[in-house]
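A short worksheet on the structure shown next.
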Amino acid sequence: MRAATEDWFARRTWARPPWTAAGLTVAKAGRTVSVVLPALDEEATVGGVVAAVRPLLGTLVDEIVVVDSGSTDATAARARAAGARVVARDAVLPGVPVRAGKGEVLWRSLAATSGDLVVFLDSDLVDLGPDFVVDLLGPLLTVDGVALVKGFYHRPLRMSDHDAARTGGGRVTELTARPALAALRPELAGVVQPLGGEYAATRELLESLPFAAGYGVEIGLLLDTHRERGLDAIAQVDLGVRKHRHRSLRALGATAAEVLDAVVRRCVPGHPGADPLTQFVPVDGDWLPDEQAVATTDRPPLATLRATGS
Ligand SMILES: O=c1ccn([C@@H]2O[C@H](COP(=O)(O)OP(=O)(O)O)[C@@H](O)[C@H]2O)c(=O)[nH]1
Ligand SMILES: O=C(O)[C@@H](COP(=O)(O)O)O[C@H]1O[C@H](CO)[C@@H](O)[C@H](O)[C@H]1O
């Protein structure tokens, strides 16, 4: 790592987060907290994630909101039963036609919530406790100048219940995001989990930044926060172990394409955005091309929409 990044790592990384929910509730000092879960067909896990945060509701956390991304299963019912407020993505900013993708629902979540601080958690997590939220809020509530806090963790790759692996997860992180940052934004080489879906930020920051529509949203926010606010506005906390549902390598190919697109559009001036991704599938002895759309558009900062009243 470069010397400045090493310095940042030493100052802005908490390997053993010291905060407690009670202590941070006092530290809120009038500020409010929204916990947001983006969810697309997560009926099996969304209730457990909401239940993990539920004990904090009314003290450290002021609202738990699941933004439904067009689920066709029982996601909304399970989330509501666990104690979350559920908002359909098309019910937010109804005058703005909906686009597909994770970034789209995170962007819309800002218009569906009111917290001064926003915590994002994926809805496919398993075995998490309330500490994820407490630890992500710690630097935001107690360290001046921090606007974005990323979680990091061991990432076991469990493709079946029998897997005992403790590592191997974060495939797009290791094979696309980390190398891309090394090549195009090495100042961010100290961020352990640049793609992690567990992070917290001030509303003021989030509403001032564009949101990449698809899976490029996390790397886009990280790059834009660094560009607009500098490295010291970013912090990271060790959340222990992160277990979640793993998608196929083919699906992660399209994710990687959106991650790389978000990086290149931000780091290579004038780049027009990626073409659709052509993958190949074996059919009766032939390899047939299969094209995947790559989300290459950003939603504008929500603050600009509010300013123009659109
Ligand atoms: O169009 C989308 C894609 C994903 N997600 C949610 O975003 C989180 C992360 O997505 P996923 O698990 O597919 O990403 P991975 O962790 O596998 O890269 C999960 O809660 C998904 O339900 C969503 O709300 N809308
Ligand atoms: O980190 C990664 O490589 C991918 C895939 O993780 P796995 O290989 O399935 O553990 O998951 C992350 O990337 C997505 C795109 O940025 C985020 O939306 C997810 O929250 C995050 O889990």
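Computed from a predicted model, the values in this text were never measured in an experiment. Along the sequence shown, residues carry numbers from 1. Both ligands and their constituent atoms are indexed starting at 1 by order of listing.
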Looking at Thr113, Val96, Val87, which hits side-chain contact (heavy atoms from CB on, under 4.5 Å) with Arg108?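 Checked Thr113, Val96, Val87 against Arg108; only one passes side-chain contact (heavy atoms from CB on, under 4.5 Å): Val96.
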List every atom of ligand 2 that sits less than 4.0 Å from any heavy atom of [X], numbering the atoms from 1 in the order shown and giving each element.
X      : answer
His246 : 7 (P), 9 (O), 10 (O)
Gly169 : 8 (O), 10 (O)
Gly197 : 20 (O)

Salt bridge check: are [X] and [Y] linked by an N-O gap of less than 4.0 Å?
X      : Y      : answer
Arg203 : Asp116 : no
Glu104 : Arg89  : no
Asp73  : Arg78  : no
Asp7   : Arg11  : no
Glu204 : Arg229 : yes

Report the residues that fulfil salt bridge (charged side-chain N to carboxylate O under 4.0 Å, His left out) with Arg266, sequence neighbours left out, ordered by chain and then residue number.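 If we apply the salt bridge (charged side-chain N to carboxylate O under 4.0 Å, His left out) test to Arg266, skipping adjacent residues, the hits are Asp224, Asp298.
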Got a sec, which residues hit salt bridge (charged side-chain N to carboxylate O under 4.0 Å, His left out) with Arg245, two or more places apart in sequence or on another chain?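 In terms of salt bridge (charged side-chain N to carboxylate O under 4.0 Å, His left out), with neighbours along the sequence ignored, Arg245 is linked to Glu42, Asp124.
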Which residue and atom name correspond to the protein heavy atom nearest [atom], and how close is it?
atom                    : result
atom 3 (O) of ligand 2  : Val172 N, 2.7 Å
atom 19 (C) of ligand 2 : Asp122 OD2, 3.5 Å
atom 11 (O) of ligand 2 : Arg155 NH2, 3.4 Å
atom 15 (C) of ligand 2 : Tyr215 O, 3.5 Å
atom 13 (O) of ligand 2 : Leu195 CB, 3.8 Å

Heavy-atom donor-acceptor pair, Trp19 side chain to Asp135 backbone, under 3.5 Å: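 Checking the backbone N and O of Asp135 against the side chain of Trp19, no donor-acceptor pair under 3.5 Å is found.
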If we ignore hydrogens and angles and just use 3.5 Å, is the side chain of Arg265 paired with the main-chain N or O of Thr296 as donor and acceptor?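 Between the backbone of Thr296 and the side chain of Arg265 there is a qualifying donor-acceptor contact (under 3.5 Å).
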Under 3.5 Å: N/O of [X] near N/O of ligand 2:
X      : result
Glu218 : yes
Arg247 : no
Gly168 : no

Full working for side chain to side chain donor-acceptor pair (under 3.5 Å) between Gln236 and Tyr199: CA-CA 9 Å; Gln236 57 186 357; Tyr199 51 107; over 6 Å; no
Measuring from non-hydrogen atoms of Glu174 to any atom of ligand 2, is the shortest distance under 4.0 Å?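 No heavy atom of Glu174 comes that close to ligand 2.
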Check contact between Arg242 and ligand 2, using heavy atoms of the residue and a distance below 4.0 angstrom.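 Yes, Arg242 has heavy atoms under 4.0 Å from ligand 2.
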Of Arg171, Lys102, Arg178, which has the heavy atom at the shortest distance from atom 18 (O) of ligand 2?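 It is Lys102 that holds the nearest heavy atom.
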For atom 5 (C) of ligand 2, tell me which residue out of Thr173, Leu252, Thr255 has the closest non-hydrogen atom.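 It is Leu252 whose heavy atom sits nearest to atom 5 (C) of ligand 2.
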Using the ring pair (Phe, Tyr, Trp, His ring centres under 6.0 Å) criterion, which residues pair with His244? Sequence neighbours excluded.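 Only His246 meet the ring pair (Phe, Tyr, Trp, His ring centres under 6.0 Å) criterion with His244.
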Asp122: which of Lys243, Lys102, Arg247 passes salt bridge (Lys or Arg N to Asp or Glu O under 4.0 Å):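 Exactly one candidate clears the test, Lys102.
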Under a 4.0 Å heavy-atom cut-off, which residues neighbour ligand 1?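 Residues near ligand 1: Pro38, Ala39, Leu40, Glu42, Ser69, Gly101, Lys102, Val105, Asp122, Ser123, Asp124, Tyr215, His244, Arg245, Arg247.
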